[in-house]
Amino acid sequence: MGKPEVPSPQRIVDSIQTPDPWRLSKLLAATRILAREFYARPTVEVAQALLGCVIRRGATAGMIVETEAYIGQGDRAAHFWRGMTPRTEVIFGPPGHAYVYFIYGMHDCFNVVTEADGVPGAVLIRAVEPLTGMAEMSRRRYGIGVTKKSARGLTNGPAKLADALAITRADNGCRLDRGPLTIRAWREPRQFEIGVTRRIGITHCADLPLRFVWKGNPFLSKPFPND
DNA sequence: CCGCGGATCTTCT
DNA sequence: GAAGATCCGCGGA
């Protein structure tokens with residue numbers, strides 16, 4: 001005669017299991033905000049160094065597991081390959097700022113600006129592993145915190161994670177070392193292998209090895225071959 | 001699991 | 001005026 005078990009929203013969503021559930025306070029204590037200098041390096045270097053880092057917005061956070069580099073030298077897939085336009089202005093600005101663009105009439109995608117001030121370069125964040133606030137992320141994406149959908153689908157794509165972390169064009173040009181949207185590194189760095197592949201969803205320069213993934217992580221937008 | 005088509009609108013030619 | 005750094009649902013294996 002027990003009452004039917006009705007798990008709380010947080011329970012249901014979390015029970016879909018991320019391997020590593022974090023409380024926000026604990027997460028903040030275990031990480032520190034990346035300084036602007038971190039981003040003032042070659043784009044490919046930053047793209048790899050960002051793997052394992054944590055994007056935080058309010059009570060929601062996810063760990064970066066997949067990135068793509070968009071570089072200045074003859075990269076026709078980069079939005080800025082022809083030079084500066086109103087849209088790509090922030091990519092030519094100081095490093096450590098957000099570049100958020102709108103695509104296919106409905107999605108926002110989140111990039112980090114790299115290289116020295118005046119030199120274009122950006123890293124597209126393609127997937128994160130949810131760490132905290134999954135019910136809230138689920139509400140942002142599905143309009144409901146209780147869902148039977150797999151946790152994998154919550155943030156395993158550039159537009160999905162932007163949605164889950166409420167990143168929009170309003171964040172375009174904002175700095176990432178302060179303010180409501182920040183990127184943090186673990187004080188005790190995680191150990192993992194980095195896989196390299198061609199970038200996804202582009203037509204030009206599709207062969208360049210500029211996509212970087214946390215090898216074997218289940219939250220990739222597309223699995224690493226042989227995983 | 002995989003491939004296909006539709007949705008939808010900003011940006012630059 | 002066309003393409004685009006995507007996602008989702010659907011149908012089939």
Side-chain angles (χ1 to χ4, degrees), chain A residues 16 39 43-44 46-48 50-51 55 62 64-93 97-115 120-130 137-144 147-173 176 183 195-214 216-227:
Chain A
I16 306 172
Y39 306 96
T43 306
V44 168
V46 178
Q48 299 184 56
L50 278 172
L51 292 175
I55 305 175
I64 300 171
V65 297
E66 175 176 340
T67 61
E68 278 179 0
Y70 288 83
I71 60 181
Q73 302 290 322
D75 183 4
R76 224 187 135 187
H79 287 166
F80 53 87
W81 73 280
R82 266 190 196 273
M84 190 164 21
T85 66
R87 178 176 66 159
T88 60
E89 194 180 337
V90 309
I91 306 177
F92 289 79
H97 289 234
Y99 165 55
V100 184
Y101 66 90
F102 187 59
I103 190 66
Y104 294 122
M106 54 192 96
H107 301 300
D108 288 307
C109 294
F110 174 50
N111 293 250
V112 170
V113 175
T114 59
E115 308 278 355
V123 174
L124 171 67
I125 310 300
R126 284 196 57 89
V128 305
E129 172 179 330
M137 291 194 274
S138 178
R139 274 195 297 276
R140 289 177 183 143
R141 262 182 50 62
Y142 307 124
I144 183 170
T147 171
K148 290 183 174 161
K149 293 176 190 289
S150 139
R152 271 181 77 220
L154 197 55
T155 55
N156 67 337
K160 294 181 183 179
L161 72 90
D163 206 1
L165 293 169
I167 300 172
T168 70
R169 281 162 289 169
D171 297 298
N172 190 46
L176 297 167
I183 303 186
V196 185
T197 75
R198 26 174 48 162
R199 293 172 293 182
I200 293 179
I202 56 174
T203 53
H204 299 293
C205 300
D207 290 338
L208 298 180
L210 293 175
R211 171 173 174 253
F212 306 98
V213 303
W214 175 318
N217 188 285
F219 291 89
L220 301 182
S221 69
K222 184 181 166 197
F224 189 77
N226 249 342
D227 252 3

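Remember, predicted model here, so these are calculated numbers, not experimental data. Residue numbering restarts at 1 for every chain, and letters A, B, ... go by the order of the sequence lines.
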For A:Arg169 and A:Arg82, take the nucleotide of DNA chain B holding the closest heavy atom to each; which residue's nucleotide lies nearer the 5' end?
-> A:Arg169
Partner set under side chain to side chain contact (heavy atoms under 4.5 Å, CB included) for A:Gln48, not counting sequence neighbours = A:Val44, A:Ile194, A:Phe212
Sorted by first residue and then second, give each salt bridge (Lys or Arg N to Asp or Glu O under 4.0 Å) pair with at least one member in residues 197-212 of chain A; sequence neighbours left out.
-> A:Glu66-A:Arg211, A:Asp75-A:Arg199, A:Arg198-A:Asp207
What is the nucleic acid contact for A:Arg211, judged by heavy atoms within less than 4.0 Å: base, sugar-phosphate only, or nothing?
-> nothing
Please list every donor-acceptor pair under 3.5 Å in which a side-chain atom of residues 158-170 of chain A meets a protein atom from a residue at least two apart or in another chain.
from     : atom 1 : to       : atom 2 : distance (Å)
A:Lys160 : NZ     : A:Asn156 : OD1    : 2.8
A:Thr168 : OG1    : A:Ala170 : N      : 3.1
A:Arg169 : NE     : A:Asp108 : OD1    : 3.1

Does the pair A:Trp214 and A:Ile64 meet the rule for a side-chain contact (heavy atoms from CB on, under 4.5 Å), with working shown?
-> CA-CA 8 Å; A:Trp214 175 318; A:Ile64 300 171; over 6 Å; no
When you list every nucleotide of DNA chain B with an atom under 4.0 Å from a heavy atom of chain A, which one comes first 5' to 3', and which comes last?
-> B:dA7 to B:dT13
Starting at the 5' end of DNA chain C, what dot-bracket string do you get if Watson-Crick and G-U pairs under 3.5 Å are bracketed, crossing pairs use [ ], other-strand pairs use | and unpaired bases use dots?
-> ||||.|||||||.
Just by protein heavy atoms under 4.0 Å, how would nucleotides 1-6 of chain C read 5' to 3' in B, S and -?
-> ---BBB
Calculate, to the nearest 0.5 Å, the distance between atoms [atom1] and [atom2] belonging to [X] and [Y] respectively.
X: A:Leu220; Y: A:Ile200; atom1: CG; atom2: CD1; answer: 9.0 Å
X: A:Leu124; Y: A:Asn111; atom1: CG; atom2: CG; answer: 5.0 Å
X: A:Arg76; Y: A:Thr203; atom1: CZ; atom2: OG1; answer: 7.5 Å

Would you tell me whether A:Glu129 and A:Thr155 have side-chain atoms, one donor and one acceptor, within less than 3.5 Å of each other?
-> no
Go through the side-chain N and O atoms of A:His79 and A:Tyr99 and say whether any donor and acceptor fall under 3.5 Å apart.
-> yes
From CA spacing to verdict: side-chain contact (heavy atoms from CB on, under 4.5 Å), A:Val100, A:Cys109 | CA-CA 5 Å; A:Val100 184; A:Cys109 294; over 6 Å; no
